[in-house]
Each structure stands twice: as structure tokens, then as C-alpha cells.
There are 2 protein chains.
Amino acid sequence: MSTHAPPPKKLRKPRSSGAITLQEVAKLAGVSPITVSRALNRPEMVKPQKLEAIQAAIRRTGYVPNLLAGGLASKKSRLVAAMVPIISNSMFAEVIEKFTDRLDTAGYKVMLGLSGFRAENEDGLIAAVLSRQPDAIFLTGVNHSRTTRSRLLAARIPVVETWDYTPTPIDMLVGFSHEKVGRTVAEYLHDKGYRRFGMISTEDERANIRKSAFLATLAERDITDVRIATITSPGNFKKGRAGIIEILDAGELPEVVFCSSDVLAHSVLTEAQTRGMSVPADLAVIGFGDLEFAPYTFPALSTVHIDRSAIGLRAAEMVLARIEEREIEKIVDIGFSVIGRGST
Amino acid sequence: MSTHAPPPKKLRKPRSSGAITLQEVAKLAGVSPITVSRALNRPEMVKPQKLEAIQAAIRRTGYVPNLLAGGLASKKSRLVAAMVPIISNSMFAEVIEKFTDRLDTAGYKVMLGLSGFRAENEDGLIAAVLSRQPDAIFLTGVNHSRTTRSRLLAARIPVVETWDYTPTPIDMLVGFSHEKVGRTVAEYLHDKGYRRFGMISTEDERANIRKSAFLATLAERDITDVRIATITSPGNFKKGRAGIIEILDAGELPEVVFCSSDVLAHSVLTEAQTRGMSVPADLAVIGFGDLEFAPYTFPALSTVHIDRSAIGLRAAEMVLARIEEREIEKIVDIGFSVIGRGST
DNA sequence: TATATTCCTGATACCGCTATCATTCTTGGT
DNA sequence: ACCAAGAATGATAGCGGTATCAGGAATATA
């Protein structure tokens, strides 16, 4: 360092971050920037020899591409948004997990939007999410506000609605009919000979559909006095215990209780055990979801099996197919099945 | 339309997407683009009157800002990456949920990285994630490869490690000591008079630390023949049943079993019930995590309480503080507490 | 009323990468 | 050996915002 440094020339504007850029890699490899870009995105277009030089330069510099810049230029963010009510609940968590896993292998990252169980939250979230220019979006449920729908349409990206069914999705759908679930469970239990019913039901949209269908089906068979404990979403063990206690303490015990989720059903099992009631003799229970633990409770829990992994995986495949412009089935009813185990 | 349209002039390159841009909003509002930008990001800098005109233009057009472009220019992606092993498990899901919630209110979106329980996966994931230029990153655990650490350092962004403890985090940390947990549980049980111990332990890094500390502490008190059932991560109800069955069927029953998680402990409760064993008289159990259901099992589950919400929230606060360049505590030991309920 | 300050607004030039089109090499056919 | 066609590479000009600096309007100070 010389003692008399020249007065610092007040230069205009250096705005760059310190990070290595594709330009620098290009210079180092002795090619043009665009060739480096191609080496990264479509290596088959670049001669093996140059490719190698480029890769060496990348290794030497530890270059990490800037996908914000790339995304801006190419209009592909390689981000996919997923909107779910909550994830602290195996139901949705497993779906998202599979969805994320699959997209990861294709180079996409998932951006999480948690909307809670209140529809009002969705609009704002959607806007926030769309501003990140996702390449596709995953939604839970099929009821969305007019604003949400129009924003989604305007974004012109693949949209998968899940976890419910409608013949007229915004774009694509993979789910099942909650109405059919309610009906099928009612039929299953009635056919087994049960006549006095109880329900522990959360009050979110889809649980309500199951409940209505369940009640309607029973009503068709002349059963109208179902004991219902309604709890707030999300359901949990504590609320389940409270719900079954409410029902049992009201007198006139039901023979069987249909719960909005396996967690609630599990809590019924526990309450029965606490009271020394035998399941299913004194009180039968059926859940919904077929969570991992269902086959291993005592007695094993009867429930409605939903293939959550399949929903996540299928949704990811649909999204990828659309991004890659392959033809696909746009509406997939993944179905469900009633699994009778020891608790009924 | 005239019948003889002029032959379409083959113009150079229109590359824009159809979307409304800030430019158009500016024109409509009769201001310059930069003023619109300010109206969105620092509205207090813009005169109320212009602000209103701009907001009206935004409403009229349904303009949605492009955060890829904004992020590129400002070097702020408003994305935060969160790396967790899995989310189909309340332990991590609740942390992420709180983390996401808090960041959401500050305008940040969370990008999810699922690494599974194998450390090898992390490196690639980190690179993929960093290429999206996150403004901060959330990590689970404190053991990271040299590559990961150096990439993280090079990215010069806030990093919060969580769910474990070290005096020398990469940057910031909010967690607790698994070693202390193992020790404390051993002391708690031994002090209660238990002398014959069993363990059902998953084999991930942190569970192993708890296990070692648990065994070491017992060894100090001359107890060395602990029956251990080891299961793969993630633990679940099924594996828990298998684990306790393995222990019980091996003869020489332990008086108490320490499980890697509440789910495993819950499954022990169920197996005991199946066998007509009374808890805690015939077999005591203690879990880890204090999941939502723990107080409501039969008997209520003794466990180690971890304030998962606090970890998520605190991590978010730390990240925000750093982004906003506020001073903060960089290392937070959130602690834990042993909760004795009916099962011990 | 003249001048200093602060507040607002705008012009300009990028951020780092890629679409597009032009150019230069290759390769093959005759 | 010569030309056409295709393959590989490069030059150029954005993508849609915002940092930076400059200038004009509004307000305060003398």
C-alpha cells in the first residue's frame, strides 16, 4: 500500500453482491455466459469438452446459480406453492410430504402457505404466493372465493385442487367425495346392525359434508336422533375426550360413534378404557383417515382409509405433467375404503 | 377487420409475459415506475394523494408485483428456507407451523426442505435451496457437513439451528440439550425408585444422544442391564408396539420404559392394555415431547415437555431481528421439563 | 424576501440470467 | 473439393423490478 492513496474517486454505482456469477464462471472457462447457462440447463447442447471445462470452473469457484435471476429471465421460478390449512396434523402433513418429495426430485421447491381453517385467509395468502411466480399451485379443498379463482386463472399456471371432489375444478383435481364417505360409513354401520348413533365432528367444511351425508343416510333409514358433539377444527385428542364425555354423560348411550378423524376416535377408545367400557361391545367407534396408528390401537380402529401418499404423489405428477406439457387426466377420484377392524 | 391485413411484420423480440407490470400501473396512475415501487414498499415516502391514485390503479388492474424481479434488484427474496427431517410428525410440524406463521405476518414465505433422517441428503438440498436466494435459513440439528457449513457461510445470511444445542452454532441457535434430557429422565426415574429399566429408542442422532446420556447416568448408579429395543426413524405407533413386544417377550420385565417419543410411549400404553397389565404398577412408561395427547391418555402420559411452539416462534423472531439488523441473543436454550403424570 | 433544509419524485442504470436471432463450425452428400 | 444442412456458440437485448443520485417542490429559517 502506498502512503498516498489517490483520493477515492466517487464512482457511480456498483450494485452487485459479492457472489460468484455465471459471467465469472464463463470467463474462467473461456466461453460465453450463455454457454455456461446451457451447460447447466441443457448440457446435451454443449460439446463434452467445453462442458467439462465449465464444470471444472463451477467446482473451482463454488458457483451457485441465482434462480431469481434465472426465473425472471425464463419465467420459470421452479417453485410450487402448496396451500394447506395446517401441517401439524398427519392428514395434511403426509400429503405435503409426498408432494414435496416428488417435486424435489424434479428440481422444484415447495413454498408453504398455511391458511388455517378459515376461508377468509386464503385470498391474501394466494396473492402473496402468486407474487413469487410459482410454476404451479396446490390447493386443499375445492371451495375458493371468486377473487382467488380469478387470480389463479390470471396467473395461468397449473392448479391442483385436492382432498375433496368436484366435477368442475379450477384446473385439475385429485381427491375424493366426502359426501360419499359420510353415506358409506352410515351404510356400513347400519348394515352391521347398529341403530343408536353418535358423532364427534369438527366443524370445517369437509367434515360438515361428511356429517350431513351421514345424517341424511341414517334419516333415510328412519334414524334421526343422532347424538352429536361438535368441536372446533383442528380436532385433537383433548377435544375428542371432551366430545365423547359430553355424549356419554348426556345419557342414552349410542352404540357406535363416528368421528371426524382417527385421533378423535382414538380418544374415544381411551375414554372407554377409562370408564371400563368394552369396545365394541359397550361402545363401538369408527374414525376417518386411517392414520398410521389405527391398526395398532386396542382394539384396532375401524376407519375410512384415505391414501394420503397417493394424493400427494399424484398431485405432484399432475403438476409436472402440465409443466412439461404432457397430456394427463385432469380429474382423479382417488376414492376411499371403509376398513372394519376391532372397534366396530 | 379488413380483408387484406398487411403481412405480419416479423418484429424482433417481445419477451414479456402478458401480466400487468409496475410500468403499466405507473402509466395509469400518472407517475413514474419508481414511485409505484415506493408506494408498495415504503408508502410513507409517497404523498397521500399519489398513493391513493396508485392504489386505485393497482386495484383497477389487479396488479400483482413480481417478487422475482424485485428480489433480483433488491437482493431480498423474502423467502426463508426451512430444513427438517420430516413433517409428518407433530414434533417438527408444529415447530415449522409456528415458524411459518410468524414469518408470514412479516411478509416472508417459507420454502420447505425435507432431508429425511440421513445427513447425506442435506448437502444437495442446501445447494438447491440457496440458489433461490433465501433471506435466511432454518436448520434442524447442529451437525452439518463441512460443505454445508461453508456454503452457508458463503451465503452470508442468517442461519438458525434448532432442536439441539451447541455452544458454537454456525450463526444462531434455539434448542435444548438432548444430553441433559437423557440424564434428567434417568435421575427422575431412579429417584422415583425404579431399578429395572427398558428403552425404546429410535436411532437418529438426537435420540442417540438422549439414549447414551440416559444409560450413562444409570450406569453411574450401578444399573447396567437396560433392555433396549432399537427402531428406525421416524418412530411410529406400529414400531412402538413391536418394540415393547420385543422387550416384554424377552422375559425379565423392566419396571419402566423410556421411549424416544410420546407416540412410542402411547403404543406401550396400548400394549400394556392389551396384555391386561396395569400402568404404572406392572409397567411404567415415560415418553418424550409432550405431544398434544399426552395428558389425555389412560393413564396420562409422563413425558418430557418441549416447547415446540416457542422454538418455532423464537427462531422466526431471531431471523427477523437479524434481517432487520436488530441486536439479539444468538444462542437460546429453550430448556425442557420432565412432566410426571399417571404413567410413572 | 432570500436561502437553507427537508421532502418527493424522477432518470438512469443496473441485478444475474436466458430467449432470440445471428454467426461460425462441423459433417455429410455428391 | 464444394455446398447444404445441422450443430455449437456467441452477441444482443431484455425479464420487471429497485438502488442510486439528481433535481424540483414544499417548508423552515433568517
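In the text below, chain A, chain B and the rest are named by the order of the sequence lines, each starting its count at 1.
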Quiz item: Is there a donor-acceptor pair closer than 3.5 Å between any side-chain N or O of B:Glu94 and the backbone N or O of B:Arg308?
Solution: no
Self-check item: From A:Phe92, A:Trp163, A:Phe99, residue fulfilling ring-ring contact (aromatic ring centres under 6.0 Å, His included) relative to A:Phe138
Solution: A:Phe99
Quiz prompt | Euclidean distance, atom CD of residue B:Gln133 to atom P of C:dG16 [Å, nearest integer] | solution = 9 Å
Practice problem: For B:Leu130 and B:Ile157, work out which heavy atoms get closest and say how close. | Solution: CD2-CD1, 4.1 Å
Practice problem: Measure from the side-chain N and O atoms of A:Asp164 to the backbone N and O of A:Gly141, and report whether any donor-acceptor pair falls under 3.5 Å. | Solution: no
Quiz prompt | Nucleotide of D:dT18, D:dC15, D:dT9 approaching A:Lys75 most closely (side-chain heavy atoms) | solution = D:dC15
Quiz item: Distance check: side-chain N/O of A:Ser16 vs OP1/OP2 of C:dG16, anything under 4.0 Å?
Solution: yes
Quiz prompt | Nearest-Å distance for atom pair CD/P, residues B:Glu24 and D:dG16 | solution = 9 Å
Quiz item: Are OP1 or OP2 of C:dG10 and a side-chain N or O of B:Ser32 less than 4.0 angstrom apart?
Solution: yes
Exercise. Starting from C1' on D:dT20, measure out to CZ on B:Arg42 and report it in whole angstrom.
Key: 13 Å
Self-check item: Nearest to side-chain heavy atoms of A:Val31, which nucleotide of D:dG17, D:dG10, C:dG10
Solution: D:dG10
Quiz item: Of the candidate nucleotides C:dT20, D:dG16, C:dA11, which contains the atom at the shortest distance from the side chain of A:Ile34?
Solution: C:dT20
Practice problem: For the pair A:Glu161 (side chain) and A:Ile170 (backbone), establish whether a donor and an acceptor sit closer than 3.5 Å, ignoring hydrogens and angles. | Solution: yes
Quiz item: Between B:Leu40 and B:Ile58, does a side-chain contact (heavy atoms from CB on, under 4.5 Å) hold up when you go through it step by step?
Solution: CA-CA 10 Å; B:Leu40 289 167; B:Ile58 290 177; 3.7 Å; yes
Quiz item: Where the side chain of A:Lys76 is concerned, which of C:dA19, D:dA11, D:dT18 is the nearest nucleotide?
Solution: C:dA19
Quiz item: Hey, does the side-chain of A:Arg38 have a donor or acceptor N/O within less than 3.5 Å of a partner on the base of D:dG10?
Solution: yes
Quiz item: Given C:dC17, is OP1 or OP2 found less than 4.0 Å from the side-chain N or O atoms of A:Ser74?
Solution: no
Quiz prompt | Atom-pair distance (NZ on B:Lys50; P on D:dA25), nearest Å | solution = 11 Å
Quiz item: Any N or O donor-acceptor pair linking the side chain of B:Arg15 to the base of D:dC15 at under 3.5 Å?
Solution: no
Quiz item: Could you walk me through whether A:Asp171 and A:Lys330 pass the salt bridge (Lys or Arg N to Asp or Glu O under 4.0 Å) check?
Solution: CA-CA 7 Å; A:Asp171 178 14; A:Lys330 291 189 129 197; 3.2 Å; yes
Quiz item: Looking at A:Tyr63, does any N or O in its side chain come under 4.0 Å of the phosphate oxygens OP1/OP2 on C:dC17?
Solution: yes
Self-check item: N or O in side chain of B:Asn41 less than 4.0 angstrom from D:dT18 OP1/OP2
Solution: yes
Self-check item: Length of the line joining A:Met45:CE and D:dG10:C1', which is rounded to integer Å
Solution: 12 Å
Practice problem: Tell me whether the OP1 or OP2 atom of C:dC15 has a side-chain N or O from A:Thr21 closer than 4.0 Å. | Solution: no
Quiz prompt | Value in whole Å for how far the P atom of C:dC14 lies from CG of A:Leu22 | solution = 19 Å
Exercise. From the options C:dC17, D:dT9, C:dG10, select the nucleotide whose nearest atom is closest to the side chain of A:Lys47.
Key: D:dT9
Quiz item: Between D:dG17, C:dC15, C:dG10, which nucleotide gets closest to the side-chain atoms of B:Asn66?
Solution: D:dG17
Quiz item: Sub-3.5 Å donor-acceptor pair from the side chain of B:Arg132 to the main-chain atoms of A:Arg78, do we have one?
Solution: yes
Practice problem: Would you kindly give the CG-to-P distance between A:Leu72 and C:dG16, to the nearest whole Å? | Solution: 12 Å
Quiz item: So what is the end-to-end bend of the helix from C:dT1-D:dA30 to C:dT30-D:dA1, with 5 pairs used at each end and the value given to 10 degrees?
Solution: 30°
Exercise. Measure the distance from CD1 on B:Ile54 to P on D:dG17 and round it to the nearest whole Å.
Key: 14 Å
Practice problem: Hey, which sits more toward the 5' end of DNA chain C by its nearest nucleotide, B:Val46 or A:Pro65? | Solution: B:Val46
